[in-house]
Amino acid sequence: MDLNFTPEEEAFRAEVRAFLADKLPPELARKVREHHHLSKADMEAWHAILNAQGWLASHWPREYGGTGWTAVQKFIFENECALAHAPRIVPFGLSMLGPVLIKYGNEAQKRYWLPRILDGADWWCQGYSEPGAGSDLASLKTTAVRDGGHYVVNGQKTWTTLGQHANMIFCLVRTRTDGKPQEGISFLLIDMDTPGIEVRPIITLDGEHEVNEVFFSDVRVPAENLVGEENRGWSCAKYLLTYERTNIAGVGISTAALQQLKAVAARQYRNGRPLLQDPAFAARLARVEIELDNMRTTNLRVLAAAANGGAPGAESSMLKIRGTQIRQEISALNRRAMGTYARPYVAQALHDGYEGPQIGPDGADSAAAQYFNLRKLSIFGGSNEIQKNIISKMILGL
């Protein structure tokens, strides 16, 4: 669906397209288009390019280095970046911690940490999930005990995405054990180089190192790294999660993936005609396209509300559910369109320097990997079942 933009918005879209044509490195776009794994240097390079342009923090207020864009401009930018196969910006500092600091941080924290997020001085990771405390996040056990000017942290976090690259982690920690579980949680910023922190890789079935577990043993954290009030970190946690869930929806990514799927289905034949003309396949494709159009409209409404000072509420849970379902369905259809080519998987083919045989056409080397990897979308950021509970509580009062 092509939205009807105003002349000013069309001019902005042309500006974004010109910027991407000029500044997005072709090799980086190729890696994204072919679903190759990006190195830390790759991700940092695109972060720096956007920051130099002043286009990195599109959802931050202008006073903190944001763009001051309208909701439609934000949508146009994200959509055009996805269509051009630009990398997604690592969200932990920019899209998660940044909004929390702007809302709950004190002035000293804002002055110090926000510029470091923008210029890439800090790579942040997220310390939320624990063994036994995933979707039931309030049951977390990692403790932080005040000792003079420090908190002493002990415990474990798990599924820490890209933690092997990070020098900083924002953590939910338990600072009180009595009362309601949510009322004893605090939000701490922790330097990963502090003595007592150990990062262990979790190698997934495809042989990749994307996630980690992090252990804290008597880690001393300066008390000034507490964001908001002690024992009131649950408010920070919920606020951050609304931005994470909105980001997981991935409207732009699904738009680009749908375009690629259509191109593949037009070239692949079944019973002597293009797969696009197969009634069963075409019906599934049409349904996912309609759902994506509907989600695009909802995403614009959420962006508009955020631009006016609101925070995504139940809408972020709606976007998270529908967005993950759409991305999973597109990957399933892509795998179906590839046919037998989608079955083999050579992990090395998704890394730089691979010179071995290719498995098949149209990116088939990554079709199976993409399909299985995207199963995680309906689990992380709060499982889709939990999101349905949130929606029923916030909207229906159940």
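- Of the inter-residue distances, the one linking Leu377 atom CG with Arg327 atom CZ reads 4.5 Å to the nearest 0.5 angstrom.
- A donor-acceptor pair shorter than 3.5 Å can be found between the side chains of Asn231 and Thr175.
- A donor-acceptor pair is defined here as one N or O able to donate and one able to accept, closer than 3.5 Å; such a pair exists between the side chain of Gln328 and the backbone of Leu374.
- Salt-bridge annotation for Asp218 and Arg220: absent, with no side-chain N of the basic residue lying under 4.0 Å from a carboxylate O of the acidic one.
- Contact check for Ser254 versus Ile330: side-chain heavy atoms found under the 4.5 Å cut-off.
- No hydrogens or angles considered: a donor-acceptor pair under 3.5 Å links the side chains of Glu230 and Tyr151.
- Here the side chain of Asp191 pairs a donor or acceptor atom with the backbone of Asp193 at under 3.5 angstrom.
- Between the side chain of Arg111 and the backbone N or O of Trp113, no donor-acceptor pair lies under 3.5 Å.
- For the pair Phe216 and Thr194, the minimum side-chain heavy-atom distance is 4.5 Å or more.
- Side-chain contact check for Ile185 versus Arg174: some heavy-atom pair is nearer than 4.5 Å.
- One N or O on the side chain of Gln164 and one on the backbone of His209 form a donor-acceptor pair closer than 3.5 Å.
- Scanning all heavy atoms of the two residues, the minimum distance from Ser331 to Arg375 falls at OG-NH2, 3.4 Å.
- Looking at heavy atoms from C-beta onward, Leu162 lies in side-chain contact with Met43 at the 4.5 angstrom threshold.
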message: Quick one, Arg287 with Glu329, criterion salt bridge (charged side-chain N to carboxylate O under 4.0 Å, His left out). Give me CA distance, side-chain angles, the key distance, then yes/no.
response: CA-CA 10 Å; Arg287 176 174 291 278; Glu329 175 67 359; over 6 Å; no
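- Without hydrogens or angle criteria, Trp60 side chain to Leu94 main chain gives a donor-acceptor distance under 3.5 Å.
- Annotation for Lys23: atom NZ does not count as buried by contact number, only 12 or fewer foreign heavy atoms lying within 6.0 Å.
- Taking CG of Leu240 as the start and CZ of Phe187 as the end, the distance is 5.5 Å to the nearest 0.5 Å.
- Side-chain N or O atoms of His150 include none that pairs as donor or acceptor with a backbone N or O of Val145 at under 3.5 Å.
- Salt-bridge check for Glu385 with Lys388: failed, with every basic side-chain N at 4.0 Å or more from each acidic carboxylate O.
- Using a 4.5 Å cut-off on side-chain heavy atoms (C-beta onward), Gln126 and Phe170 make contact.
- In this structure a side-chain-to-backbone donor-acceptor pair under 3.5 Å is missing from Asn299 to Arg296.
- The main-chain N or O of Leu172 is found under 3.5 Å from a side-chain atom of Lys157 such that the two form a donor-acceptor pair.
- Considering all non-hydrogen atoms of both residues, Pro87 and Leu38 come closest at CB-CD1, 3.7 Å.
- With rounding to the nearest 0.5 Å, the separation of CD in Glu15 from CH2 in Trp55 is 4.0 Å.
- Considering CD1 of Ile76 and CD of Glu10, their distance stands at 7.0 Å, rounded to 0.5 Å.
- Residues Val264 and Ala337 come closest through the heavy atom pair CG1-CB, 3.9 Å.
- Trp69 and Phe77 have their aromatic ring centers within a separation under 6.0 angstrom.
- Ile49 is listed as a side-chain neighbour of Pro25, based on a closest heavy-atom distance under 4.5 Å.
- Leu24 contributes atom CG, which lies 12.0 Å from atom CD of Glu80 (distance to the nearest 0.5 angstrom).
- At distances below 3.5 Å, not a single donor-acceptor pair connects side-chain atoms of Glu9 with backbone N or O atoms of Val72.
- A 4.5 Å side-chain heavy-atom check between Ile202 and Thr160 finds every atom pair outside the cut-off.
- Thr204 places no side-chain N or O within 3.5 Å of a backbone atom of Glu210 that could act as its donor or acceptor partner.
- No donor-acceptor contact under 3.5 angstrom links the side chains of Asn294 and Thr297, judged on distance only.
- Under the 4.5 Å side-chain criterion, counting only non-hydrogen atoms from C-beta, Arg146 is not in contact with Leu226.
- In this structure, Trp159 places its CH2 atom where only 12 or fewer heavy-atom neighbours from other residues, nucleotides or ligands lie under 6.0 Å away.
- Counting heavy-atom neighbours within 6.0 Å of Arg284 CZ, excluding the residue itself, gives a total above 12.
- Here the straight-line distance linking atom OG of Ser235 with atom NZ of Lys103 works out to 9.0 Å at 0.5 Å rounding.
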